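Since we're looking at a predicted model, the values are computed, not measured. Numbers restart at 1 for each chain; the letters A, B, ... are given by sequence-line order, proteins then strands.
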4 protein chains.
Amino acid sequence: MAADSGSAGDYGTSDMQRNADESIADFASHLRALEETLSPAQEAPPRIPRQARSREKRDEILKAAARLFVRDGYAQTTSDTIAAEAGVSVGTFYNYFRNKRQALLTLVIERLDGIFSNIRLAQMDFSDGHPREVIRRAIGAMLERGNSGLRRAWLEVMAQEPELQPYQQMLRQYVLVRIEDALRKAEARGETWPELDISATALAIFTLLDTISLRTDTGIDDERLADALTDMVYRSTFPQG
Amino acid sequence: MAADSGSAGDYGTSDMQRNADESIADFASHLRALEETLSPAQEAPPRIPRQARSREKRDEILKAAARLFVRDGYAQTTSDTIAAEAGVSVGTFYNYFRNKRQALLTLVIERLDGIFSNIRLAQMDFSDGHPREVIRRAIGAMLERGNSGLRRAWLEVMAQEPELQPYQQMLRQYVLVRIEDALRKAEARGETWPELDISATALAIFTLLDTISLRTDTGIDDERLADALTDMVYRSTFPQG
Amino acid sequence: MAADSGSAGDYGTSDMQRNADESIADFASHLRALEETLSPAQEAPPRIPRQARSREKRDEILKAAARLFVRDGYAQTTSDTIAAEAGVSVGTFYNYFRNKRQALLTLVIERLDGIFSNIRLAQMDFSDGHPREVIRRAIGAMLERGNSGLRRAWLEVMAQEPELQPYQQMLRQYVLVRIEDALRKAEARGETWPELDISATALAIFTLLDTISLRTDTGIDDERLADALTDMVYRSTFPQG
Amino acid sequence: MAADSGSAGDYGTSDMQRNADESIADFASHLRALEETLSPAQEAPPRIPRQARSREKRDEILKAAARLFVRDGYAQTTSDTIAAEAGVSVGTFYNYFRNKRQALLTLVIERLDGIFSNIRLAQMDFSDGHPREVIRRAIGAMLERGNSGLRRAWLEVMAQEPELQPYQQMLRQYVLVRIEDALRKAEARGETWPELDISATALAIFTLLDTISLRTDTGIDDERLADALTDMVYRSTFPQG
DNA sequence: CATGAATGAGAGTTCATTCAT
DNA sequence: CATGAATGAACTCTCATTCAT
């Protein structure tokens, strides 16, 4: 299915490489943007650990929390349980995190790229003439990262705490706007279907991939899935696919 | 369950219809069994009342519960609130429903087709030669049903109670298989893209539409959205769209 | 010590009576004013009891709370303890009161006259020519009411919850202003010491009596104490006492 | 501490003085015993350190504690906060003081005369013929000392721990008895109002001044307040003021 | 002695569910 | 059947105090 190579020569690889590097840098900066977006929701933790052992314990607690949030969901996970799972007392949990919500927020911020793998979509740039590959790469990257469980927990908190919803909106807008941009540029170059409804298509693409990345077991191999999704996005945007 | 019949056949559609209806009925009966399992009959289980006045009261309660589940989510809705919203006492609520969960299950069972509007996708039949219209109609139907709020509540309970998940799987499989079937037939007729990965594509279509129908406000008009989605599904399946 | 009688006639008694009646009416209106002052701090209780038994239970809980607040102080009294003392469960306590603070506020409002016996001072009217008796009566009334324990609890909450302090200030101002008024009128009639510092004296009188009424056991009989206080207030305000 | 001397009886004053000083010393030693009783020596009790650096640190902590007790009250001040305010760790706090209460007790003992400024009242001696000035001076001295905040904290602990109440009684009695003494002597010289109820009047004077010295902001200038209080005490005791 | 992480009893509060009236 | 008061387990979070480093 994948057809890459290209018309021009041998330095294709180094080109790819350069693109990948840039892409990683891009990705990092996108992440930082998202982090900025989220941090206002994050109050200072009660204790900033100074000793090395302390950092480890904090990480233990975070890992324990992550396990439970993923397994049982946010609401079903109690502070007592997290503490027990981490092998510490409740007091200790509250030494490191102001409250349960902050623990989740911390997790989300620290694992942004795993959780919001959809920002990969924000990086798509169709200007180099190989849109199919661009799409394929973004989708592949999205599917391989695995922290969708935490995103489910994040969505759960948001449902309960309306103050957080703006943040979700912002994250979403961030990606959405970038997809629209990429599409609009391709449209300007006359590459897309005529009369393509850019906003609606961007929304559809975003929704599709955002949700698919939350999948647990689809019964379908990730590679095949990525290929099918790529075709879908590609064909629905660029004619003569 | 599957009844395919053949390419021509004027009763194809009504067949499809019957099948979908049957399937919903099946699903409902499973859910009812589940209800029994999850809320084991103790002493006198609340039954559907015969007298008109009682039925009305029960319906009032259900409507109130639905409003609140949709507005605030399942966990955030308390039995007290439901009773208050319905203008009855908590006791009365518990006279009609064994517990909060049963009230939601009842709602889900009674409004199955509104909630699981994705069942409409199971009815797509591309054999009449106008696949784009078929897709458009299914999508239009999905988007216009309004009970996505209750489905969100249903998903919320499921997250908490793993025993329910098989039922979600069941419904999902039902629709998926039907989409695959339709695609396979179209493929047999040589209408689809060559080498189309049927299962993966069906999954993608299902996921996309299933999620989109949960939307609250996308900022995009439903008609436009339906058109864009139709294009997406159509172009990614049938070439030369 | 008391010397009343008067220049004129036999209907002195009925005069007294009328004054007492007026005084009670006055007192009630003062109380209402204080209640108005406090009520903004009071949120609606979670459940307004309708059944008679319910009112009784509410009263039981209030009495139990009062006992414990007086005996152990506000902070040392837990909701569990109150419930236990009242012979109910915690849940029941929270059915009647939104929280511990509201229970105290309710008590305070319902027993305003016992707790803020100092409003008696707000009623003093020296215009009838018998200031000593007026003072004596106010002080006597202050000392005989007994809920100073609850006022101590009230002061305790206020120390902890700055939002309530305005209310204390208002109660205080209410009485203070009225004492000043009475003094100022007497001054206008030339009855007071020349160059009397009205505000400071009012403050001193208020403070003295306010605090004395918080006494538990002074070792001195209430009548004697009232007489001594009367002398003190009278002599420090009106010359040639 | 106040040196008045006067026309009559040259050692009278110094006697009073000695008594007051002794009494304070007594009180202090009682408090120290109390400290022992309340915080029973376990293993190595924190003692007053000898080395200069340690003394300074201890003083820093005490000052920090004082600031916070005054500003926020005893209960609202946590050991963590005290440590932070003093720029040390909690551990260090507990190296110098057995517990929070002991820190307050220590403060009280070390600042007895500032806190219990009402002891000044015990030193009043009307025998030199200028009672008004004597009163004025005592009141002035009371009002100018600023540690009433700590006394409020002390009263707070006492409310929680009944074992401490005898000590409060002790100090109170000491001052009361001395005021009564002074009044009785003046009465013997025929200077007071006839039939003055000495005990009750002493109690009233004590209560008034004791409480007024706890004031925070009365809205009235201290000098004016002192003058008004002086008038009040003077006129209610000595006729023809 | 200094540090600060760890502890855990305990406090306030909520809410699904029961049951006497 | 309707009512709504009663229940208590469960949950989140605080803070005085200890103790290993």
Suppose we screen for side-chain contact (heavy atoms from CB on, under 4.5 Å). Which residues come up paired with C:Thr78, at least two apart in sequence or across chains?
C:Asp80, C:Thr81

How close or far is atom P of F:dA5 from atom CZ of C:Arg55, stated in whole angstroms?
12 Å

Side-chain atoms of residues 60-73 of chain A: list all donor-acceptor pairs with protein atoms under 3.5 Å, sequence neighbours left out, distances to 0.1 Å.
{"unit_1": "A:Arg67", "atom_1": "NE", "unit_2": "A:Glu85", "atom_2": "OE2", "d": "2.6"}
{"unit_1": "A:Arg67", "atom_1": "NH2", "unit_2": "A:Glu85", "atom_2": "OE2", "d": "3.4"}

Atom CG of C:Asp72 to atom C1' of E:dA11: distance rounded to whole Å?
15 Å

Sequence-distant partners of D:Arg151, salt bridge (charged side-chain N to carboxylate O under 4.0 Å, His left out), two or more places apart
D:Asp210

I need the CD-P distance between A:Gln160 and E:dT14, as an integer number of Å.
15 Å

Nucleotides 15-17 of chain E: which of its N/O atoms have a protein N/O under 3.5 Å away?
{"unit_1": "E:dA16", "atom_1": "OP1", "unit_2": "B:Lys100", "atom_2": "NZ", "d": "3.3"}
{"unit_1": "E:dA16", "atom_1": "OP2", "unit_2": "B:Ser79", "atom_2": "N", "d": "2.9"}
{"unit_1": "E:dA16", "atom_1": "OP2", "unit_2": "B:Ser79", "atom_2": "OG", "d": "3.0"}
{"unit_1": "E:dT17", "atom_1": "OP2", "unit_2": "B:Tyr94", "atom_2": "OH", "d": "3.0"}
{"unit_1": "E:dT17", "atom_1": "OP2", "unit_2": "B:Lys100", "atom_2": "N", "d": "3.4"}

What is the distance, rounded to the nearest whole Å, between atom CD1 of B:Ile61 and atom P of F:dC1?
12 Å

Roughly, in whole Å, what's the span from CZ in A:Phe93 to P in F:dT14?
11 Å

Runs of at least three consecutive Watson-Crick or G-U pairs, both distances under 3.5 Å, are what I'm after; which ones involve DNA chain F?
E:2-21 with F:2-21

With sequence neighbours left out, the residues meeting salt bridge (charged side-chain N to carboxylate O under 4.0 Å, His left out) with D:Glu56 are none

Rounded to whole angstrom units, what separation is found between the CD atom of A:Glu60 and the P atom of E:dA6?
10 Å

Applying ring-ring contact (aromatic ring centres under 6.0 Å, His included), can you list everything that pairs with A:Tyr94, at least two apart in sequence or on another chain?
none

Round to the nearest Å and state the distance from B:Glu56 atom CD to F:dC1 atom P.
13 Å

Provide, to the nearest angstrom, the distance between the CZ atom belonging to A:Phe97 and the P atom belonging to F:dT12.
15 Å

Heavy-atom distance under 4.5 Å between the side chains of D:Lys100 and D:Tyr74, does that happen here?
yes

Check whether any side-chain N or O of C:Lys57 sits under 4.0 Å from OP1 or OP2 of F:dA5, and answer yes or no.
no

Distance test, side-chain N/O of B:Tyr96 to OP1/OP2 of F:dC1, below 4.0 Å:
no

Please walk me through it: do B:Val108 and B:Leu150 pass side chain to side chain contact (heavy atoms under 4.5 Å, CB included)?
CA-CA 7 Å; B:Val108 168; B:Leu150 275 180; 5.6 Å; no

Not counting sequence neighbours, which residues clear side-chain contact (heavy atoms from CB on, under 4.5 Å) with C:Gln102? List them please.
C:Gln42, C:Pro45, C:Pro46, C:Phe97, C:Arg98, C:Asn99, C:Thr106

May I have all residue pairs that pass salt bridge (charged side-chain N to carboxylate O under 4.0 Å, His left out) and include part of residues 153-166 of chain C, sequence neighbours excluded?
C:Arg101-C:Glu161, C:Arg101-C:Glu163

